[in-house]
Amino acid sequence: MDDSMIERIKSIFLIILIIISIIQVGILWGYQSHGLPTGFLSSFFSRISPNYAFDLNKAKEEFRNPYKVVVSLGRDGKRWVVTKNNENYSKLCSNFSYYLQEALKTKPEESKSLSTQDWYNFVLSKKSFIFEFKVNIDIRLINWMYGIHDTGGNELTGVYKAALLPDENINENNMVMYITDGLKLYKYVLKVGGIDKKGLAAIIDNLSENIRLKTYSVIGDYFSGTSTRQDILYLHKFGMIKDNTYNFYNLMCKAPSELIPKDPGNISDRNQVAENFLGNENFESDIGDDGSLVFVNLNNVYRIYDDGLLQYRYKPDGNEPGKGSIQDAFAKTLEFLFKYNRQNLISNVDIILTNISEDKNSYKFSFDYFIDEIPVIVNYSSKGTSKNVYKNAITVEASGSRVISADWIIKDFEFHELVKYRIEFTEAHDAMVNVFRKADRMDVLKKESFLVNDINIGYLMENEINNEEILKPVWVFETNESGFENIIISLQK
């Protein structure tokens, strides 16, 4: 055997050793994070099936846009909520994105503490284009989502609401932008870019010509006082629709069939559920004492109940790296929600970030469902051993390195029937007051600190009977009073 043949054999042998080493590392990683080594092997050779691929940038975009876009003609004028199916929505969100990034790179010209009347006085009472998140988005997340590294010493703690006022500055080359983090109001004067003032005027003309669009009123136009935020929009007038009625869909709400095995005792049927939710990860499956489907590997426990409730818990191994950054924690949360296209188990909904909190060990992110721009209000009792009462559709606790726990009410929503309901705000407000009267708590309404933070029409999701429930629209008064956070008033036909 000549020397060249020997060298060739050595090279082949060395390559084989390298491959074996990589696979051994992968097996270790697979056991620690995901399960059996077959999950690693498939991802090593195929980088996960294209159907399972997780795109972080695409997931970011889902939460970068505001949940509500409003166009206001000012005091006593029309206001429209521009929905995602409106031709102007994407243009307005792109415009918001441009000006927000410009604002974050500079210091505000003015700032002041925010009162309950300020957003109405400075923004909604004027011609404005308004962009709202459901919660103040921490500035660290905003900068991360937009890829901004130099904030120019900006003092913003986050972005809760923002607005463009094209007529506030007479210079055609300047655009005024207001931003609030819920605590202070900041004013920026920026150079015009994106859609110019004439372009924004054209959008208003387009909305004005569409008589089918719902128009809204604002509390501050008709009601004064400090117990209710002056900037709340509410359905009041509907263009050509008369008698204060509007057609809403009732919804059929049920657990997705993909999460309900034909025979829970059959391993093959349980594995099919696992594939629908856990993709190519490998778990041992069983039936829990509480009737849930249980999927377990070294560090992870999933419980799926027949009503669609998912509970996930991470089992720490004692070597925890710490809290990490909020950006990394949110990235892990998005991966949990979007990996293996899990969000596709839910039909006809948008998932909206509704709360952010943190403690010394972790971050917590809550999300809720919106259907055709209407929120789903959650008041849901767990079937699990913990007997929790959930107030959000999804709650995820995460650190910068992993998801620690999650509770997710996974539902399939179908439009059921179209029903005409009365929309009379004063009747709903009187009914809200009557809730306090019946509870013998009229003293609450006299508190200087009492505040109605928002008023919406939403769908109330409670525990269903026989795994199905018809959701009907209701008035929802959100207040800052403990025990009365969400006051539900039924709509009348």
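Computed over heavy atoms, backbone and side chain alike; hydrogens, waters and symmetry mates excluded. Keep in mind it's a predicted model, so treat the numbers as computed, not measured.
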- [ ] Spell out, as yes or no, whether a donor-acceptor pair under 3.5 Å connects the side chain of Ser97 to the backbone of Cys93.
- [x]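 Absent.
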Could you tell me whether a side-chain N or O of Thr215 sits under 3.5 Å from a main-chain N or O of Lys78, the two making a donor and an acceptor?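 Between the backbone of Lys78 and the side chain of Thr215 there is no qualifying donor-acceptor contact (under 3.5 Å).
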Flag if over 12 foreign heavy atoms under 6.0 Å of [atom1], [X]:
X: Lys161; atom1: NZ; value: yes
X: Lys197; atom1: NZ; value: yes
X: Lys58; atom1: NZ; value: no
X: Lys60; atom1: NZ; value: yes

Could you tell me if Asn169 and Asn171 have a donor-acceptor pair between their side chains, going purely by distance under 3.5 Å?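 Short answer, no.
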Inspect the contact between [Y] and [X] and indicate whether a charged nitrogen and a carboxylate oxygen are less than 4.0 angstrom apart.
X: Lys391; Y: Glu485; value: no
X: Glu281; Y: Lys339; value: yes
X: Asp368; Y: Lys134; value: no
X: Lys411; Y: Glu469; value: no
X: Asp138; Y: Arg140; value: yes

inquiry  = Using 0.5 Å steps for rounding, measure from the CD atom of Gln327 to the OH atom of Tyr363.
reply    =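 It comes to 7.5 Å.
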Check your understanding: What is the distance from atom NZ of Lys84 to atom OH of Tyr89, rounded to the nearest 0.5 Å?
Key ->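 One finds 5.0 Å between NZ of Lys84 and OH of Tyr89.
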Exercise for the section: Measure the acute angle between the ring planes of Phe63 and Phe338, then classify it against the limits of 30° and 60° as parallel, tilted or perpendicular. Expected result: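 Because their plane-to-plane angle is over 60°, the rings of Phe63 and Phe338 count as perpendicular.
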Is the distance from the ring center of Phe131 to that of Phe129 below 6.0 Å?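 No, they do not, as the ring centres are separated by 6.0 Å or more.
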